[in-house]
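Structure, as structure tokens:
All values below come from the heavy atoms of this structure, side chains included, with hydrogens, waters and symmetry mates left out. Chain letters run A, B, ... following the sequence lines, proteins first and then strands; every chain starts at 1. Every value quoted in this text rests on a predicted model; they were computed, and no experiment measured them.
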Amino acid sequence: MITAKKKCIIILLLLISGIYWDAKSQTQEDINTVRKVLQTHNHKLKVKDKYQYANENNTNELSWIFSKLFLGYKAFFSSQDMSSCTFTPSCSEYGMLAVKKQGVIVGIINTFDRLTRCNGLSPELYEIDPKTHLYIDPL
Amino acid sequence: MHNKKLSLALPKNRNRFSEGEGRRTLFNALCKKGHRVVVILFIWLFFYSSLNILTAQTLEETFAYANEQMNKQEYDNALGAYQRVLFFDKKMGDKIYYNLAECHFKLNHYEQATKYYDLAYYVASNDSLKFDALFHKTNCLLLQHNYRNALIELMSLDDSLPEYWQNKKYFYFGITYFGLEDFDKSQNYFVKANATQTNEIEQLFIQNKKVSKINPKTARVLSIILPGLGQLYCGDIRNGLNSFLLTSGFLGLAIYTMYSYTVVEAFLSVLPWYQRYYLGGFQGAMRIAQEKKDQKRAEIFQQLMDVFAKNK
């Protein structure tokens, strides 16, 4: 038989555990999940980190120079520009990749071809990227 | 006699008749040999075992498999198995909706998770499960930045909830109002949810008031007046100087062209570039101000969550 004293202790313990449970309304998992609602972002990502691939696969000196020109353009000119390019990847990225992949002469010709097409007058020719809402035109 | 017939019949049949007829002849030959019972038994055994394989996984077994995958945190597999069970037996929904929602949630499919938490709420057998589904649904809505609908969900709860759920409600109200930028209400609810660290919460909301002072429109106007000034207002010195040098450089070049050549030539050759970077400059200032504001706000939010995490 449980005595009245024991009953009191059990009830007291249950009450204490109830209070403790109440205090933990938000579990660690809950908090970790809601942290994602407003997350901090590093907007000030450096151009050379953002376009890391520009420094990769440089097979010759000209390719290296074009990569540096691209990074310089992105850092000092493109960053101050309005978003005017209609394509993804942008014309400057396309140009840099074209020079890397097809060599200087063919790459530059291909870039000029791309620049002449960057006007948004032929939407029927391209698919639209759902993320950026720009025309998809890979190299 | 029979043996001789059989050995002669088979190769001939292959050449003279179609394959089906050949098989029938073999069957007849085997039957004639007195193996009819054995053949029938063999065929029966073959089909029976095939049937057994086909029906090897019952819905209960699929459900058990799904639960097992869920426990192993293989949410993709669990999701497929739960969907299969639900497809064949809609009545199992009350057991499955919540787990389906959990799978979608873990896979970051918040829209689908919201739908299944909603269904789980309606089939929940007791209040505790109902509240749990509702708070998870609210969580999904918050993660989609759908603060208005999250608020509707929270407002559907009674005021006389048990303390555990009441605290949770205050906590989620605090987050929702923070997202809606109603910071006074947000502060009140956060304080109600965590009365032990009121001072820390109040300090963070004082910091938040300073963040509210950053105005993207002010940054834009400043950059319209003087290129780069809006960026400096946001504390972005590099972009401020860059914008100023670029636009003033193009303006200088345009003036030089006007004097050296003609005004028309300056308008046609240089001024479009000036206009491009001038417009880009003040739009950029507005964007930088907004990003800075969002960043600071997110930092304060994370600090608020740290206060609640400390309480654990």
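Here the CZ atom belonging to B:Arg276 is positioned 12.5 Å from the CD atom belonging to A:Gln80, to the nearest 0.5 angstrom.
With sequence neighbours left out, B:Ser243 forms a side-chain hydrogen bond (donor to acceptor under 3.5 Å, both in side chains) with no residue at all. In terms of the side-chain hydrogen bond (donor to acceptor under 3.5 Å, both in side chains) criterion, residue partners of B:Lys72 (sequence neighbours excluded) are, by chain and number, B:Glu68. In terms of the side-chain hydrogen bond (donor to acceptor under 3.5 Å, both in side chains) criterion, B:Ser248 has no residue partners (sequence neighbours excluded).
Contacts between B:Tyr277 and chain A at a heavy-atom distance below 4.5 Å involve backbone atoms as well as side-chain atoms. Both the backbone and the side chain of B:Leu279 come within less than 4.5 Å of a heavy atom of chain A. Of the two parts of B:Phe178, only the side chain, counted from C-beta on, holds a non-hydrogen atom closer than 4.5 Å to a non-hydrogen atom of chain A.
Looking at A:Glu29 and B:Lys106, a side-chain N of the basic residue comes within less than 4.0 Å of a carboxylate O on the acidic one, giving a salt bridge.
Nearest heavy-atom pair across A:Met82 and B:Gln283 is CG-OE1, 3.4 Å. Considering all non-hydrogen atoms of both residues, A:Leu38 and B:Ala298 come closest at O-CB, 3.9 Å. Among all heavy-atom pairs drawn from A:Phe76 and B:Asn242, the shortest one is O-OD1, 3.1 Å. B:Ala309 and A:Arg35 get closest at one heavy-atom pair: CB-NH2, 4.2 Å.
Dense packing is recorded around CZ of B:Phe250, with more than 12 heavy atoms of other residues, nucleotides or ligands lying under 6.0 Å away. Counted within 6.0 Å of OH on A:Tyr51, heavy atoms from surrounding residues, nucleotides or ligands total more than 12; the atom is thus considered enclosed. In the displayed structure, A:Glu56 atom CD is contacted under 6.0 Å by more than 12 heavy atoms of other residues, nucleotides or ligands. Atom NZ of B:Lys293 is surrounded by more than 12 heavy atoms from other residues, nucleotides or ligands within 6.0 Å. No more than 12 heavy-atom neighbours from other residues, nucleotides or ligands sit within 6.0 angstrom of CD on B:Glu111. Around atom CD1 of A:Ile105, no more than 12 heavy atoms belonging to other residues, nucleotides or ligands sit under 6.0 Å away. No more than 12 heavy atoms of other residues, nucleotides or ligands sit less than 6.0 Å from atom CZ of A:Phe112. By the 6.0 Å contact criterion, CD1 on B:Ile237 is open, its count of non-hydrogen atoms from other residues, nucleotides or ligands being 12 or less.
Taking the side chain as every heavy atom from C-beta outward, B:Phe308 and A:Asp30 never approach each other to under 4.5 Å.
Scanning residues 138-147 of chain B against chain A with a 4.5 Å heavy-atom cutoff picks out B:Asn139, B:Leu142, B:Leu143, B:His145, B:Tyr147, ordered by number.
For chain A, the option among B:Phe135, B:Tyr170, B:Tyr172 with the highest count of heavy-atom pairs below 4.5 Å is B:Tyr172.
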